[in-house]
Amino acid sequence: MHKRLGLNIDHVATLREARKENFPDPIAAALIAENAGVDGIVCHLREDRRHINDRDVEILKQVVKTHLNLEMANTSEMVGIACKILPNMATIVPEKRQEVTTEGGLDVVGNFESLKENVSKLKDSGIVVSLFIDADEKQIRASKEVGATVIELHTGTFGNSKTKIEQQKEIEKLVKGSNLGHEIGLQVSLGHGIDYNNVYEILKVPHIEEYNIGFSIIAKSVFVGLENAVKEMSDLINGKNNG
Ligand code: PXP
């Protein structure tokens, strides 16, 4: 089965915002990536709009032909925007103002009622809802209870592992989490901190249909071009080694 690659294009917008220019344009990145065979485009509209902005999401909705996954915080502002723009999927992520990037999974247990309400509003608008969580049994079960269709397991700790032992421990947690998610009827995807070196290890996690990857691909594209960077990662997750 083909494993899907969702490209997170936030970092193209980060580069644009570094100079407050109108380039590089994340819309252009989405189109190039789609031509290169990416299976979906992911972007995170943050409350502070520090990279992706409202205009980007509106245009992405019009031009993305594959699959648009909007990452967003669990707030009524974001639910309103999602229900207006209607991406294919909304991934609810935790958001802290000072963080450099998303630092961990969503606390579904601690935000049970508001998530239940927001997941249901998004689903009523026909949006598939994914929750970005740690591979933790309580969070996985709570995700099912609030009505999510998909869980994206946070692989950031795996990505930051400094030793093989640490990495293996994280893989074991992810395997357990993925097995549980699959068993209770959730679709399971993975995301955060996956790169061209550690992707081999992450492929050991079963039941994964989709990988959401941003930074490593955009960083590599500086040297080899976005098309090549996307193709290489897509081949890697599908076990086609370029040699
Ligand atoms: N998935 C989610 C939910 C994220 O928040 C991010 C980063 O914004 C990613 C995947 C991609 O992570 P990275 O840029 O480290 O590949």
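Note that ligands are numbered from 1 as they come in the structure, with each ligand's atoms numbered from 1 the same way. From a predicted model like this one, the values you see are computed outputs, not experimental measurements.
Using a distance-only test at 3.5 Å, with no hydrogens or angles considered, no donor-acceptor pair links the side chain of Asn238 to the main chain of Lys240. One N or O on the side chain of Ser221 and one on the backbone of Ile218 form a donor-acceptor pair closer than 3.5 Å.
At least one N/O-N/O distance between Gly214 and ligand 1 falls below 3.5 Å. Below 3.5 Å of separation, one finds an N or O of Gly193 facing an N or O of ligand 1.
Using modelled atom types, one finds a donor on one side chain and an acceptor on the other under 3.5 Å when comparing Glu34 with Thr66.
Clustering of Ile, Leu, Val, Met, Phe, Trp and Tyr by side-chain heavy atoms under 4.5 Å joins Val150 with Met89, Val128.
Summarising the contacts of atom 3 (C) of ligand 1 with Glu95, His154, Glu71, the nearest heavy atom is found in Glu71.
The shortest heavy-atom distance from Ser216 to ligand 1 is not under 4.0 Å. Within the structure, ligand 1 lacks His44 among the residues with a heavy atom less than 4.0 angstrom away.
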Check against salt bridge (Lys or Arg N to Asp or Glu O under 4.0 Å), Lys164 and Glu201:
CA-CA 10 Å; Lys164 274 271 158 211; Glu201 290 299 319; 3.7 Å; yes
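Those atoms of ligand 1 that come under 4.0 Å of a heavy atom in Glu152, given as number and element, are 1 (N), 2 (C), 3 (C), 10 (C). Close approach of ligand 1 to Val93 (heavy-atom distance below 4.0 Å) involves ligand atoms 3 (C).
The proximity of Phe215 to ligand 1, defined as any non-hydrogen pair under 4.0 Å, involves the side chain as well as the backbone.
For residues 156-191, the set of pairs meeting the ring-ring contact (aromatic ring centres under 6.0 Å, His included) definition, not counting sequence neighbours, comprises His182-His207.
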